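Before any comments, here is the structure.
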Amino acid sequence: MTALTLSTAAAPGLRADAIVIGVAKNAKGLVVAPGAEAVDKAYDGRLAGVLETLGATGAEGEVTKLPAPSGFKAPVVVAVGLGSEPEKDAGFDAEALRRAAGVAARALAGAKKAAFALPITEAADAGVVGEGVLLGAYSFDAYKESGRQGQDAAKAKNGKAPLAEAALLGGKPRDKAYKAAIERAAAVSEELNRARDLVNTPPNELDPEAFAAVAQAAAKEHGIKVQVLDEKALTKGGYGGILGVGAGSAAGPRLVKLSYTSSKATKSLAFVGKGITYDSGGISLKPAGHNETMKCDMAGAAAVFAAVVAAARLGLEVNVTGWLALAENMPSGSATRPGDVLRMYSGKTVEVLNTDAEGRLVLADALWAASQEKPDAIIDVATLTGAMMLALGSRTYGVMANDDAFRAAVHEAAEEVGEPAWPMPLPEHLRKGMDSATADIANMGERMGGGLVAGLFLREFVGEGITWAHLDIAGPAFNEGGPFGYTPKGGTGTAVRTLVRVAELTAAGDLG
Ligand code: BES
Ligand code: MN
Ligand code: ZN
């Protein structure tokens, strides 16, 4: 993991492989962003003109490398685009800074040390740039020869080991607020990157038991209480949803409960994650072309896991319980069939009409389990429906809730941390599509509005009077395209930062 430091050094004397500066665009053309004054001065104030001659415009995502001016210890200047210059007196948008830092960190793969001379004028800016750097520098190569041999070997081989050290210039190393901001950035980003690793790990290596073992080890390290229910315990407890989904797999299901408690807490939150370590569809098998990326179907559980560990590392003054509903959805002679009826943990019966609508079944049991402890609010996170991807695309997740104010608060928290999200309704008329002739409810309803139908199904398993929100992250959980901003290809860690922010706001009594 990239090391973050705050530095008061001036750019010219800094020993580093590169100095990163920001550039933006305004009506007249390219402008050099604040923070890079010393660099511009060394080019005799002509840096903007030089960069324009090289074709730079200041657009978001743009990277231009040029030789450093004479007298600089660092050999290279990396100019990264921040997009439009903000209005006079307004600072750069936090997300623009985060993305630019991420783009630069990715462009610097293979480098040992880079100095970031971006517009940092307050502690929050340092946190945002730090997050962008740590998230953008991420790479997953555990299954490549370079990764197996470790980072030094990787660098020797192809120069592509992640950037080792980032010094943030303009930061105040002795200022408490600055220190806290980069410590927060490190805790959140490191756990988020761990969630990405879990999502990227192939499904033959990460089954429910293996995921539970990872959670147990991390819980031990961070003083989190952990409880794992295996098949025997799930059977004894009557968790028919989780057992039904896991019935076809040779790898048995698990329900993991992670409890972080603070002695100063007055509020409690429960986070519930869908953890299908592989979704083949089961007997309602997915066609080829729809299952190659289904190792990502545990991204909700990975996000919940990461958020609980981050809350513990930050010592947030709120109790947070994470529930990981882990199962592998496979077809076999022991698999649940379309037509089977499951008796859920809540006591309700569900007719399984499509075994590929499995996420709502494992979540139903975990939501009911979470409800028994009467938390102040529950948030579930799930790669739940293809319909939500059709509705919102691949970068925005949907937020549904049984309380409009809570839905708005969660949405606002998501926007604040730079995770695109959008509120979605739970229209009552869609409920009757799930009426079953045989059981209390069916696991499928109308095709149209499938993401909302899934949300309505989940709502039935939330305890009476408990505030609840549901995040359908099917779109942004896994990036099938090329990297952008601080988002890599593959697992993205989406929703981790929203959950951490909600926990922080709850601790401060500021939610809603
Ligand atoms: N895990 C899938 C949803 C999904 C699709 C996530 C694409 C990420 C990318 C989920 O279990 C599923 O199969 N949902 C079905 C539900 C349907 C059978 C009611 C779907 O969306 O097609
Ligand atoms: Mn499915
Ligand atoms: Zn699924």
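Whatever order the structure lists ligands and atoms in, that order sets their numbers, starting from 1. Small disclaimer: the values here were computed from a predicted structure and weren't measured.
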**Asked** Of all the heavy atoms in M388, does at least one lie under 4.0 Å from an atom in ligand 1?
**Response**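 Outside the 4.0 Å threshold, so no.
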**Prompt:** Quick one: does M298 get a heavy atom under 4.0 Å from ligand 1?
**Reply:**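 M298 does not count as a contact of ligand 1 under the 4.0 Å cut-off.
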**Request:** Would you check, one step at a time, whether the test salt bridge (Lys or Arg N to Asp or Glu O under 4.0 Å) holds for D297 with K274?
**Result:** CA-CA 7 Å; D297 216 19; K274 170 178 174 182; 3.2 Å; yes
N or O pair under 3.5 Å between [X] and ligand 1:
X	answer
D279	yes
T385	no
K274	yes

**Message:** Measuring from atom 8 (C) of ligand 1, which candidate in H290, K286, M294 has the nearest non-hydrogen atom?
**Reply:**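 Heavy atom nearest to atom 8 (C) of ligand 1 belongs to M294.
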**Asked** Can you list the protein N, O or S atoms less than 2.8 Å from the Zn ion (ligand 3)?
**Response**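 Atoms qualifying: K274 NZ, D279 OD2, D297 OD2, E358 OE2.
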Protein residue, atom and distance nearest to [atom], heavy-atom basis:
atom	result
atom 18 (C) of ligand 1	N354 ND2, 3.5 Å
atom 20 (C) of ligand 1	G386 N, 3.9 Å
atom 1 (N) of ligand 1	D297 OD1, 2.8 Å

**Asked** Would R254 and D230 count as a salt bridge (Lys or Arg N to Asp or Glu O under 4.0 Å) if you check the C-alpha gap in whole Å, the side-chain angles of each, and the deciding distance to 0.1 Å?
**Response** CA-CA 5 Å; R254 297 287 186 272; D230 62 10; 5.6 Å; no
**Request:** Output yes when a protein non-hydrogen atom is found under 4.0 Å of atom 14 (N) of ligand 1, and no otherwise.
**Result:**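 Yes, there is one.
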**Message:** Can you tell me which portion of R360 lies within the under-4.0 Å heavy-atom range of ligand 1? Options are side chain, backbone, both, or neither.
**Reply:**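 Near ligand 1, R360 shows its side chain, while the N, CA, C and O stay back.
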**Message:** Below a 4.0 angstrom heavy-atom separation, can you tell me which part of L384, side chain or backbone, both or neither, approaches ligand 1?
**Reply:**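 Under 4.0 Å from ligand 1, L384 contributes backbone atoms alone.
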**Prompt:** Does a donor on one side chain and an acceptor on the other come within less than 3.5 Å for T385 and D472?
**Reply:**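 Indeed, the side chains of T385 and D472 share at least one donor-acceptor pair under 3.5 Å.
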**Prompt:** Hey, are Y486 and E95 close enough side-chain-wise for a donor-acceptor pair under 3.5 Å?
**Reply:**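 Present: a donor and an acceptor within the cut-off.
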**Prompt:** Under 6.0 Å from the six-membered ring centre of Y260 and within 45° of its axis: does the NZ or CZ of K225 meet both?
**Reply:**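 No, a cation-pi geometry is absent between K225 and Y260.
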**Asked** Between F484 and R395, is there a cation-pi geometry (under 6.0 Å to ring centre, at most 45° from the normal)?
**Response**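 Pair R395/F484 counts as cation-pi.
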**Prompt:** For E412, does the CD atom have more than 12 heavy-atom neighbours from other residues, nucleotides or ligands under 6.0 Å away?
**Reply:**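 For E412, atom CD is not crowded (no more than 12 foreign heavy atoms under 6.0 Å).
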**Asked** Taking the Mn ion (ligand 2) as the vertex, what is the angle from OE1 of E358 to OD1 of D356, given to 10 degrees?
**Response**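 Result: 120°, to 10°.
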**Request:** Output yes when R313 and E183 qualify as a salt bridge under the 4.0 Å nitrogen-oxygen rule, no when they do not.
**Result:**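 Salt bridge between R313 and E183, a charged N being under 4.0 Å from a carboxylate O: no.
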**Evaluation steps, salt bridge (Lys or Arg N to Asp or Glu O under 4.0 Å), between E416 and R497** = CA-CA 9 Å; E416 207 187 317; R497 289 177 298 136; over 6 Å; no
**Request:** Would you please test R459 and E428 for salt bridge (Lys or Arg N to Asp or Glu O under 4.0 Å) and show each step?
**Result:** CA-CA 11 Å; R459 193 180 66 175; E428 296 297 339; 3.0 Å; yes
**Request:** Using the ring pair (Phe, Tyr, Trp, His ring centres under 6.0 Å) rule, collect all pairs that involve residues 397-429, keeping only residues at least two apart or in two chains.
**Result:**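 Found H411-W422.
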**Message:** Restricting to N, O or S, what is the name of the atom of D279 that lies nearest the Mn ion (ligand 2)?
**Reply:**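 Output for this pair reads OD2.
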